[in-house]
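Throughout, residue positions are numbered sequentially from 1 according to the sequence presented. Keep in mind that this is a model prediction, so the values were computed, not measured.
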Amino acid sequence: RGPKITVTEEGGAKSPIRFKVKFQPLGGSSIDPDGVKVTYLKQPNVDLTSRVKPFTQPTGIDMPDAQLPPGDHLVRIDVKDSEGRVSTTSFMLKIAP
């Protein structure tokens, strides 16, 4: 089984928001920080990995002042552990005007 991904959402919050995601490795593995990929799902998709990389650690992502425009933003996070197992989660960030 791949790592567990838990998203802390601030639904309806105004920008800037605290973007926080927790990673929990399973089966004695560890999270590979270079195996974390964040994608904004729109047409075309936007790779946000380089923007969140400074805030990414093996325990998760903690970005205290993420600037987002108002609206609904569908985001996907892929996380890989030290044994090569990948987990993916998608979620909606709702930003108030």
Side-chain angles (χ1 to χ4, degrees):
R1 290 179 17 199
K4 184 176 177 184
I5 305 169
T6 306
V7 179
T8 302
E9 292 185 53
E10 295 186 16
K14 290 190 177 196
S15 186
I17 66 163
R18 181 169 195 155
F19 179 64
K20 192 166 184 175
V21 181
K22 291 184 181 179
F23 305 144
Q24 180 183 358
L26 301 173
S29 65
S30 60
I31 300 297
D32 176 7
D34 292 329
V36 175
K37 184 172 181 182
V38 181
T39 308
Y40 181 22
L41 299 176
K42 64 176 217 166
Q43 292 299 334
N45 289 343
V46 178
D47 186 350
L48 301 175
T49 305
S50 62
R51 296 182 199 178
V52 301
K53 190 161 188 75
F55 307 95
T56 304
Q57 301 175 6
T59 55
I61 300 169
D62 191 356
M63 189 177 217
D65 295 308
Q67 299 283 343
L68 295 158
D72 295 343
H73 306 284
L74 185 58
V75 178
R76 181 181 72 215
I77 297 180
D78 302 295
V79 179
K80 184 168 63 171
D81 67 14
S82 58
E83 297 183 15
R85 297 176 294 209
V86 177
S87 290
T88 300
T89 190
S90 296
F91 55 93
M92 186 73 67
L93 283 174
K94 295 179 181 284
I95 306 300

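Residues Lys4 and Val79 have side chains not in contact (no heavy-atom distance under 4.5 Å, counting atoms from C-beta outward). Looking at Val52 and Val21, their side chains never come closer than 4.5 Å, going by heavy atoms from C-beta outward.
For the atom pair CG (Asp32) and CZ (Arg85), the distance works out to 13.0 Å, reported to the nearest 0.5 Å. Here Phe91 contributes atom CZ and Thr6 contributes atom OG1; the two are 11.0 Å apart, rounded to the nearest 0.5 Å. The structure places CD1 of Ile31 at 8.0 Å from OG of Ser82, a figure rounded to the nearest 0.5 Å. The CG atom of Leu48 sits 14.0 Å away from the NZ atom of Lys53 when rounded to the nearest 0.5 Å. Distance CD1/Ile77 to CD1/Ile5: 6.5 Å, rounded to 0.5 Å. A distance of 12.0 Å separates NZ in Lys20 from CD1 in Ile61, rounded to the nearest 0.5 Å.
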Listing, residues 36-45 side-chain donor-acceptor contacts under 3.5 Å, not counting sequence neighbours, or none:
| from | atom 1 | to | atom 2 | distance (Å) |
| --- | --- | --- | --- | --- |
| Tyr40 | OH | His73 | ND1 | 2.7 |
| Asn45 | OD1 | Lys42 | N | 3.3 |

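Side-chain atoms of Ser29 do not come within 3.5 Å of backbone N or O of Pro25 as any donor-acceptor pair. The main-chain N or O of Pro69 is never found under 3.5 Å from a side-chain atom of Ser15 such that the two would form a donor-acceptor pair.
Taking 4.0 Å as the cut-off between side-chain N and carboxylate O, Asp62 and Arg18 count as a salt-bridged pair.
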Worksheet item: Going through the checks in order, is the side chain to side chain contact (heavy atoms under 4.5 Å, CB included) test met by Met63 and Ile17?
Response: CA-CA 8 Å; Met63 189 177 217; Ile17 66 163; over 6 Å; no
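The minimum heavy-atom distance between Pro70 and Ala96, with the atom names listed, is CB-O, 3.9 Å. The minimum heavy-atom distance between Gly27 and Glu83, with the atom names listed, is O-OE2, 4.0 Å. Scanning all heavy atoms of the two residues, the minimum distance from Pro16 to Gln67 falls at CB-NE2, 3.6 Å. For Asp81 against Arg1, the heavy-atom pair with the smallest separation is OD2-O, 4.2 Å. The shortest non-hydrogen separation linking Phe19 to Ala66 is CB-CB, 4.1 Å.
A single hydrophobic cluster is not seen to contain both Phe23 and Val86; linkage of ILVMFWY side chains at heavy-atom distances under 4.5 Å, directly or through other members, places them apart. Residue Val7 is grouped with residue Val46 when hydrophobic side chains (ILVMFWY) are merged at heavy-atom distances under 4.5 angstrom, including chains of intermediate members.
Shown here are the side chain to side chain donor-acceptor pair (under 3.5 Å) partners of Thr88, two or more places apart in sequence or in another chain: Asp78.
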